[in-house]
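First comes the structure, then the notes that go with it.
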Amino acid sequence: MRTATNKSTIYKRERGKLYELSRQWELQVMVLPAVILIFIFSYLPMYGVLMAFQDYNIFEGMANSPWVGLKHFEMFFQSPEFSNVMRNTIVISLLKLCIGFPAPIILALFLNEVNRMWFKRLTQTVSYLPHFMSWVIISGFAASILAVDNGSLNLLLEKTGLIDEPINFLSTSKYFWVILASANVWKEIGFSSIVYLAAIASIDPQIYEAAAVDGASRFKRMFIITIPSIMPIVMVFFVLAIGNLLSAGFEDILLLGSSPVVQDVAQVIDTYVYKYGIQSSRLSYATAVGLFKSAISVVLLFGANKMARKYGGGLW
Amino acid sequence: MKLTRGDKTFISLIYFFLILLLFAAFYPFWNALAISLNSGTDTAHGGVTFWPRDFTFDNYLFVLKNDALLHGFMISVIRVAAGTVLSLFFTGLFAYAMSKKILIGRKAIMIYCIFTMVFSGGLIPAFIVNRNLGLMDNFWVMIIPSIVSVWNMIVFRTFFEELPPEMEESAKMDGCGYFGTFFRVILPLSKPVFATLGLFTAVYHWNDWFTASIYINNQNLKPIQTILQQVLSSTVMMEQMVNSNASAQEFMQRTRSVTNKSITMTTMIVATLPIVCVYPFLQKYFVKGVMIGAVKG
């Protein structure tokens, strides 16, 4: 008896679901192309990651290529370039994190203190602009301004008497990290400040007034009101930044670090993958290196989120 | 409120820093503009910083007469138009369906999407997939893989969820299906979010040089940024482009004032000009768009 009723309710529910599905066929049609495209261009490559454990042969395909286990990972760990690539990746990311992360927050705090609206708007408009330029253009600007012959920076330094001989900035290893970090700050400082400015705008102005009545200076108000108020959103972005710690950057390094002289400081995991995978067609090896990076990134993201949750801000 | 002396120094310091930043942000662009308006042979003598010394439009005339560069611009324009329209269309529809709570499988699809943001196959597996799909040396490799953006879908969805439901209900009463409602009611109400994501998508397509650099060998299919990258990375490239083009060659011999550097700078200016012209008008929209993306992402 019992089973019979169960069966009939299941049957009913199934019919109900089919009926509902037919009523919302339009919604399902809207979703379908996106689901298929995501499957092809995101999930098929995820499956393709398995070729990191093969000696992938482009003519045989994945089905017929031999499995080799962790061979490519071991090769990467034992390669003479490994320590250099890891060092560059970590140093460049940390440099970007230490300079690039606080810079937009400081800009937002500063803009918040500006009372002349036209000046604030002008600074915003101009500082957002580089975000919309490609790295190709920016590397072109850099090449022109940092050029040995008549680059603006060399002209300025020579005129002020700081140097006697023009410096070849883009072909000198010791300047590369600084140039890379500065170019990144230059490109993103304005645009990244938008979120912090919006967070500042949502602070209740009465708090500032109360602090002013109590005699807190502008400088002090910034520290005791503005900064604590935007802390949650800062934490969220910090977690994201930690998750991306092994993504030191790609296009910027590829374009600014194109000089063969700076390769010892410019080669990071992503450019290494590009060099071996696309330029030398060592597909399985490059995939293994890329997978190594993704795996660590996921661990970092989860770890950073756990840390952030302890302090009240996290992604999930 | 009266300012104390400490406040005043604090504020002057801030103005000082901001003016410095303003200058640093603007100078590279300004300098490139000055060089592009200066005769190339004169630029080679050095010292062109803020203003052109030997004013000329030769560089621009050269760029506008060079078929290879013009072709690159055309490819970029077609790519931006096709890429932006298709992406907004499919991602917008997707997001609209995802904003409906009654959508069967909504939660599963959301997890399916979010997972792609945490983990990706990486450059090489994607390269193999695109290659096997026959997208090598194919214009569509620059469009199809980026049609659906999960990030944009989330921004769209958040916006759609905040729209007042009454408008939609009255459209339903009048017998509109979901497609009809989307195009007649939702679309006109969502101009800000379409403007923002449209701008971001268009900028992505205009600026992306990397996709074409690894998937496209046919010089006639390369967008301007990829050509520009080739020109910047090797000086031989520009000479080849000039030599393969009779009218450009003749022009170069006649004027004798253009150089590799002046042409490169001019091409860079022309390649950023569309963005510089469009974006200030959309600025008020994208500030809101960035906020939604930041909070939900």
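Chain letters run A, B, ... following the sequence lines, proteins first, then strands; residues in each count from 1.
- Proximity to chain A (any heavy atom under 4.5 Å) is shown, for B:Leu22, by both the backbone and the side chain.
- Taking every heavy atom of both residues into account, A:Ile38 and B:Cys113 meet most closely at CD1-SG, 3.8 Å.
- Relative ring orientation between A:Trp25 and B:Phe179 is described as tilted, the plane-to-plane angle lying within the 30° to 60° band.
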Candidate pair B:Phe200 and A:Phe132, rule side chain to side chain contact (heavy atoms under 4.5 Å, CB included), full reasoning: CA-CA 9 Å; B:Phe200 291 163; A:Phe132 295 96; 3.9 Å; yes
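- If you tally non-hydrogen atom pairs under 4.5 Å between each of B:Tyr96, B:Phe29, B:Phe90, B:Phe127 and chain A, the highest count goes to B:Phe29.
- Both the backbone and the side chain of B:Leu103 come within less than 4.5 Å of a heavy atom of chain A.
- Only the side chain of A:Tyr56 comes within contact range of chain B, judged by heavy atoms closer than 4.5 Å.
- A heavy-atom distance below 4.5 Å is found between the side chains of B:Ile19 and A:Phe119.
- B:Met153 does not touch chain A: none of its heavy atoms, backbone or side chain, sits under 4.5 Å away.
- A parallel orientation is assigned to the rings of A:Tyr43 and B:Tyr112, their planes being inclined by less than 30° (bins at 30° and 60°).
- Both the backbone and the side chain of B:Leu228 come within contact range of chain A, each with at least one heavy atom under 4.5 Å from a heavy atom of that chain.
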Working for side chain to side chain contact (heavy atoms under 4.5 Å, CB included), residues A:Leu255 and B:Trp209: CA-CA 11 Å; A:Leu255 294 169; B:Trp209 59 278; 3.7 Å; yes
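- Interface remark: A:Leu254 contributes side-chain atoms only to the contact with chain B (heavy atom separation under 4.5 Å).
- For a residue to count as touching a neighbouring chain, one of its non-hydrogen atoms must lie under 4.5 Å from one of that chain's; by this rule A:Ser258 does not touch chain B.
- Between A:Ile278 and B:Ile124, some side-chain heavy-atom pair lies under the 4.5 Å cut-off.
- Residue contact with chain A, scored on non-hydrogen atoms closer than 4.5 Å, involves the side chain of B:Val129 exclusively.
- Rounding to the nearest 0.5 Å gives a distance of 10.0 Å between CG of A:Leu37 and OG of B:Ser146.
- Across all their heavy atoms, B:Pro28 and A:Ile145 have their closest contact at CA-CD1, 3.5 Å.
- Neither the backbone nor the side chain of B:Ile224 comes within less than 4.5 Å of any heavy atom in chain A.
- Between chain A and the residues B:Ala97, B:Ala32, B:Pro125, B:Gly121, the largest count of heavy-atom pairs under 4.5 Å involves B:Pro125.
- Only the backbone of A:Asn115 comes within less than 4.5 Å of a heavy atom of chain B; no side-chain atom from C-beta onward does.
- Between the side chain of A:Gln28 and the main chain of B:Ile104, a donor-acceptor pair closer than 3.5 Å is present.
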Walk me through whether B:Leu18 and A:Leu107 qualify under side chain to side chain contact (heavy atoms under 4.5 Å, CB included). CA-CA 8 Å; B:Leu18 290 179; A:Leu107 175 63; 3.5 Å; yes
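- At a 4.5 Å heavy-atom cutoff, B:Leu13 makes no contact with chain A through either its backbone or its side chain.
- In terms of heavy-atom pairs under 4.5 angstrom with chain A, the leader among B:Phe119, B:Trp206, B:Phe26 is B:Phe119.
- Using a 4.5 Å heavy-atom cutoff, the side chains of B:Tyr27 and A:Ser152 are in contact.
- Between the A:Glu26 side chain and the B:Gly177 main chain, no donor and acceptor come within less than 3.5 Å of each other.
- The distance from atom OH of A:Tyr47 to atom CD1 of B:Ile128, rounded to the nearest 0.5 Å, is 13.0 Å.
- For a residue to count as touching a neighbouring chain, one of its non-hydrogen atoms must lie under 4.5 Å from one of that chain's; by this rule A:Leu291 touches chain B with the side chain only.
- Both the backbone and the side chain of A:Val35 come within less than 4.5 Å of a heavy atom of chain B.
- Ranked by heavy-atom pairs under 4.5 Å with chain A, the list B:Phe94, B:Phe17, B:Phe182, B:Phe115 is led by B:Phe94.
- Residue A:Leu44 touches chain B through both its backbone and its side chain, counting heavy-atom pairs closer than 4.5 Å.
- Contact of A:Phe250 with chain B is made through the side chain alone, with heavy-atom distances under 4.5 Å.
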Decide side chain to side chain contact (heavy atoms under 4.5 Å, CB included) for B:Ile144 and A:Ile40; before the verdict, give the C-alpha distance in whole Å, the side-chain angles of both, and the deciding distance to 0.1 Å. CA-CA 10 Å; B:Ile144 296 175; A:Ile40 295 174; over 6 Å; no
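- In this structure, chain A has a heavy atom under 4.5 Å from the side chain of B:Leu133, while its backbone stays farther away.
- Two residues are said to be in side-chain contact when any heavy atoms from C-beta on lie closer than 4.5 Å; A:Met46 and B:Thr116 meet this criterion.
- Rounding to the nearest 0.5 Å places CD of A:Glu251 at 7.5 Å from CZ of B:Phe210.
- If you measure heavy-atom distances from A:Leu283 to chain B, the contacts under 4.5 Å come from both the backbone and the side chain.
- Every residue two or more places apart in sequence or in another chain was checked for a side-chain hydrogen bond (donor to acceptor under 3.5 Å, both in side chains) with B:Ser213, and none qualifies.
- Using a 4.5 Å cut-off between heavy atoms, A:Ala34 touches chain B through backbone and side chain atoms alike.
- Using non-hydrogen atoms only and a strict 4.5 Å limit, the part of residues 133-141 of chain A facing chain B consists of A:Met133, A:Ser134, A:Val136, A:Ile137, A:Ser139, A:Gly140, A:Phe141.
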